[in-house]
2 protein chains.
Amino acid sequence: MAGSDRGSGTSTPRKRADARRNEATLLAAAAAAFLAAGVDAPVRDIAARAGVGVGTIYRHFPTRADLIVAVYRHQVQACAEAAPTLLATSGTPHAALTAWIDLFVDFLATKHGLAEALNSDSAAFETLHGYFLDHLVPACAHLLDAAAEAGEIRPDTNAEELLFAVGNLCAGRAPHYDARRMVGLLVAGLRLR
Amino acid sequence: MAGSDRGSGTSTPRKRADARRNEATLLAAAAAAFLAAGVDAPVRDIAARAGVGVGTIYRHFPTRADLIVAVYRHQVQACAEAAPTLLATSGTPHAALTAWIDLFVDFLATKHGLAEALNSDSAAFETLHGYFLDHLVPACAHLLDAAAEAGEIRPDTNAEELLFAVGNLCAGRAPHYDARRMVGLLVAGLRLR
DNA sequence: GGAATATACGGAACGATGTTCCGTTTGCCA
DNA sequence: TGGCAAACGGAACATCGTTCCGTATATTCC
């Protein structure tokens, strides 16, 4: 986690100093651009913010998904790690599930275009899709299992599908639309009656 | 509804024959293009299919939303009109609601990109948004009211928000994602327990 | 310290797409 | 039939993602 000059197995020769510097600059620039214009911010804008050419972006982050993942990696990880904690501190598994999904919704709601990108079937976003799924599905499945075992929800619920649905509900904004409430309805629909 | 040469109040002079012909051709071409490539089909493709220049498209349908509305107008109307029928023939209001929403989902699911466009907050799609809302919200509200009155669902449900959520759930496709099931969960969440 | 070399950089260039604009064509009416 | 307003076509412009290659520079080796 802390190491930075080791690749997978075969030793990666270590990148040039300017390359590492640019990568960090680019990450900061992208974060700023995403905040200002959403995750669809034009490549040229990000490059300009970082003071580099567009080629440099593509060299470091071949697809937009790679850049998005790099920018939000820590927040996704934090979200995933919150699941067991919530399960331990909440009254019931269903309460923990609800709280955790709220966390996820809060995360998505503050990133314009992220939910849309997440649910795009474009091949370019497959990496993004995969990253989120790899990290968040196990966390969600854990909560789902606990709630199912406690007899609170129907046992056949698929974590991947649920997260995808939540992502969809968070995509798009409208005057009288509250994604949180709709997600709440969805989670309520999970409950056994 | 059947008249075609009257504007609002001041008499519209009636369009030229070639203009009327092109409009019909364009509608057919757009329908075909939407079917083949989704509602985001390139303007040039539609123009080519119709054998007209791109300028002609913009003259008849200033925004893509106008074109989409024109293409799907009849289906939307049919969907709206199905609501009272379903209410009369279904066992319970909630059953009618479920059936009607299934209808809506089926409609959306067969139009690639429509749900996405519907929930886009882009100003260009405001017309589309408005059209769907104007026609479908009353139909849905009717069913919602009936179900609420029968004590089947929570009475504070907003039709516009619900439809928007259903649209969102239908946007985006993934290997293990079934929009119908998720919509079912959402509607189940409406029920009083 | 001073080349040699691989690495990284910058930005021009290309293709796709939406949108506008204006010279040309054509239906319509007198 | 002549004239004009309506409509047309498609070139032209703007934006954006993506690629590519000549140039610059960090690193290494002597």
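Labels below follow one simple rule: chain letters A, B, ... track the order of the sequence lines, proteins then strands, and each chain is numbered from 1. Since the structure is predicted, the reported quantities are computational estimates derived from the model, not experimental observations.
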Could you pull out all residues at least two apart from [X] that satisfy side chain to side chain contact (heavy atoms under 4.5 Å, CB included)?
X: B/D66; answer: B/F61, B/P62, B/T63, B/T127
X: B/R154; answer: A/L185, B/D156, B/T157, B/L192
X: A/A17; answer: A/R20, A/R21

Would you jot down, in residue-number order, the residues of residues 25-33 of chain A having a non-hydrogen atom under 4.0 Å from DNA chain C?
none

Residue pairs, two or more places apart or on separate chains, that pass salt bridge (charged side-chain N to carboxylate O under 4.0 Å, His left out) and touch residues 22-34 of chain A:
A/K15-A/E23

Applying salt bridge (charged side-chain N to carboxylate O under 4.0 Å, His left out), which residue pairs with at least one partner in residues 86-106 of chain B are found, sequence neighbours left out?
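For residues 86-106 of chain B, and leaving out neighbouring residues, the salt bridge (charged side-chain N to carboxylate O under 4.0 Å, His left out) pairs sorted by first residue read B/D106-B/R180.
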
According to a strict under-4.0 Å criterion, is B/H60 in side-chain N/O contact with OP1 or OP2 of D/dA7?
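For D/dA7, neither OP1 nor OP2 has a side-chain N or O of B/H60 closer than 4.0 Å.
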
Can you tell me how far [atom2] of [N] sits from [atom1] of [X], to the nearest Å?
X: A/D66; N: D/dT18; atom1: CG; atom2: P; result: 11 Å
X: B/N22; N: C/dT26; atom1: CG; atom2: P; result: 12 Å
X: B/R59; N: D/dA5; atom1: CZ; atom2: P; result: 17 Å

Determine whether the aromatic ring centres of residues A/F164 and A/H129 are separated by less than 6.0 angstrom.
yes

Ignoring hydrogens and geometry beyond distance, is a side-chain donor-acceptor pair present between A/N168 and B/Y177 at under 3.5 Å?
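Distance-only check passes for A/N168 and B/Y177.
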
Any N/O pairs under 3.5 Å between the protein and nucleotides 28-30 of chain C? List them or say none.
{"residue": "C/dC28", "atom": "OP1", "partner": "B/A17", "partner atom": "N", "Å": "2.9"}

Go through the structure and list residues passing salt bridge (Lys or Arg N to Asp or Glu O under 4.0 Å) with A/E161, not counting sequence neighbours.
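A/E161: salt bridge (Lys or Arg N to Asp or Glu O under 4.0 Å) contacts with B/R181.
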
Please figure out whether B/R21 or A/V52 has its closest DNA chain C nucleotide nearer the 5' end.
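Its nucleotide being nearer the 5' end, the pick is A/V52.
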
Pairing residues for B/E126 by the side chain to side chain donor-acceptor pair (under 3.5 Å) criterion, not counting sequence neighbours
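With sequence neighbours excluded, B/E126 shows a side chain to side chain donor-acceptor pair (under 3.5 Å) to no residue whatsoever.
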
Identify all side-chain donor-acceptor contacts of residues 139-151 of chain A below 3.5 Å with residues at least two apart in sequence or on another chain.
none

Can you give me every donor-acceptor pair (side chain of residues 28-51 of chain A, partner residue at least two apart or in another chain, under 3.5 Å) with its distance?
none

Write out a two-atom table: protein N or O, nucleotide N or O from nucleotides 16-20 of chain C, distance below 3.5 Å.
{"residue": "C/dG18", "atom": "OP1", "partner": "B/R64", "partner atom": "NH2", "Å": "3.0"}
{"residue": "C/dG18", "atom": "OP2", "partner": "B/V43", "partner atom": "N", "Å": "2.9"}
{"residue": "C/dG18", "atom": "N7", "partner": "B/R44", "partner atom": "NH1", "Å": "2.8"}
{"residue": "C/dG18", "atom": "O6", "partner": "B/R44", "partner atom": "NH2", "Å": "2.7"}
{"residue": "C/dT19", "atom": "OP2", "partner": "B/Y58", "partner atom": "OH", "Å": "3.0"}
{"residue": "C/dT19", "atom": "O4", "partner": "B/R44", "partner atom": "NH2", "Å": "3.4"}

